[in-house]
Student: 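Pasting a structure below so you can have a look.
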Amino acid sequence: MHVKDEIESAPGGHEKYESTVLGKGIAQVKEVIDLGQAAGTTQFIVEQEAYQGQKPIDSAKEDFEMMKKWGY
């Protein structure tokens, strides 16, 4: 299952939303993951294409910490 959170894009962007670190956006990510897990999903791939000024590796670390905090 691909896991992704989103925020509204900055004004003037090409898209209305852009990806962000898990838990910082508007999506109910944990609830969706829980539903996927209940249905038998065993692998989760965090997907993030926008970093809001962060280095991608720092965003990945935050995503990993959030997944651990959520118990995955």
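What you see is a predicted model; the values in this text were computed from it and never measured.
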Student: Hey, could you give me the CE/NZ distance between Met66 and Lys30, rounded to the nearest 0.5 Å?
Tutor: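 Answer rounded to 0.5 Å: 11.0 Å.
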Student: Please answer whether the main-chain N or O of Glu15 pairs with a side-chain N or O of Ser9 as donor and acceptor at a distance below 3.5 Å.
Tutor: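 Yes; judged by distance alone, with no hydrogens or angles, the pair exists.
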Student: Verify, without hydrogens or angle tests, whether Ser19 (side chain) and Glu49 (backbone) share a donor-acceptor contact under 3.5 angstrom.
Tutor: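 Such a contact is found between Ser19 side chain and Glu49 backbone.
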Student: Any chance you could measure Leu22, atom CG, to Trp70, atom CH2, to the nearest 0.5 Å?
Tutor: 5.0 Å
Student: Give, for atom CG of Leu35 and atom CD of Gln28, the distance between the pair rounded to the nearest 0.5 Å.
Tutor: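 Leu35 atom CG to Gln28 atom CD measures 11.0 Å (nearest 0.5 Å).
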Student: In Å, rounded to the nearest 0.5 Å, how long is the span from CD1 of Ile26 to OH of Tyr17?
Tutor: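 Answer for the CD1-OH pair, Ile26 versus Tyr17, is 4.5 Å.
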Student: Carefully, step by step, assess His2 and Phe44 under the rule side chain to side chain contact (heavy atoms under 4.5 Å, CB included).
Tutor: CA-CA 6 Å; His2 282 250; Phe44 302 93; over 6 Å; no
Student: Donor-acceptor check, side chain of Tyr72 to backbone of Lys69, threshold 3.5 angstrom: yes or no?
Tutor: no
Student: Please report the closest heavy-atom contact between Lys4 and Glu47, naming both atoms and the distance.
Tutor: CG-O, 3.5 Å
Student: Nearest heavy-atom pair of Thr41 and Gln43: which atoms, and what distance?
Tutor: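 Smallest interatomic distance, heavy atoms only, reads CG2-O, 3.4 Å.
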Student: Return the CD1 to CE distance between Ile33 and Met1, rounded to the nearest 0.5 Å.
Tutor: 7.5 Å
Student: With a 4.5 Å limit on heavy-atom distance, are the side chains of Val3 and Ile45 in contact?
Tutor: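 No; the side chains remain at least 4.5 Å from each other.
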Student: Do you know the tightest heavy-atom contact between Val46 and Met67?
Tutor: CG2-CG, 4.3 Å
Student: Between Asp63 and Val21 (side chain of the first, backbone of the second, donor and acceptor by atom type, cut-off under 3.5 Å), is there such a pair?
Tutor: no
Student: Side chain of Asp5, backbone of Ala27: donor and acceptor closer than 3.5 Å?
Tutor: yes
Student: What closest approach, in Å, do Ala10 and Glu18 show between heavy atoms, and which atom pair accounts for it?
Tutor: N-OE1, 4.4 Å
Student: Using the salt bridge (Lys or Arg N to Asp or Glu O under 4.0 Å) definition, which of the options Lys24, Lys55, Lys68 pairs with Glu62?
Tutor: Lys24
Student: Would you indicate whether Gln52, at its atom CD, is surrounded by more than 12 heavy atoms from other residues, nucleotides or ligands within a distance under 6.0 Å?
Tutor: yes
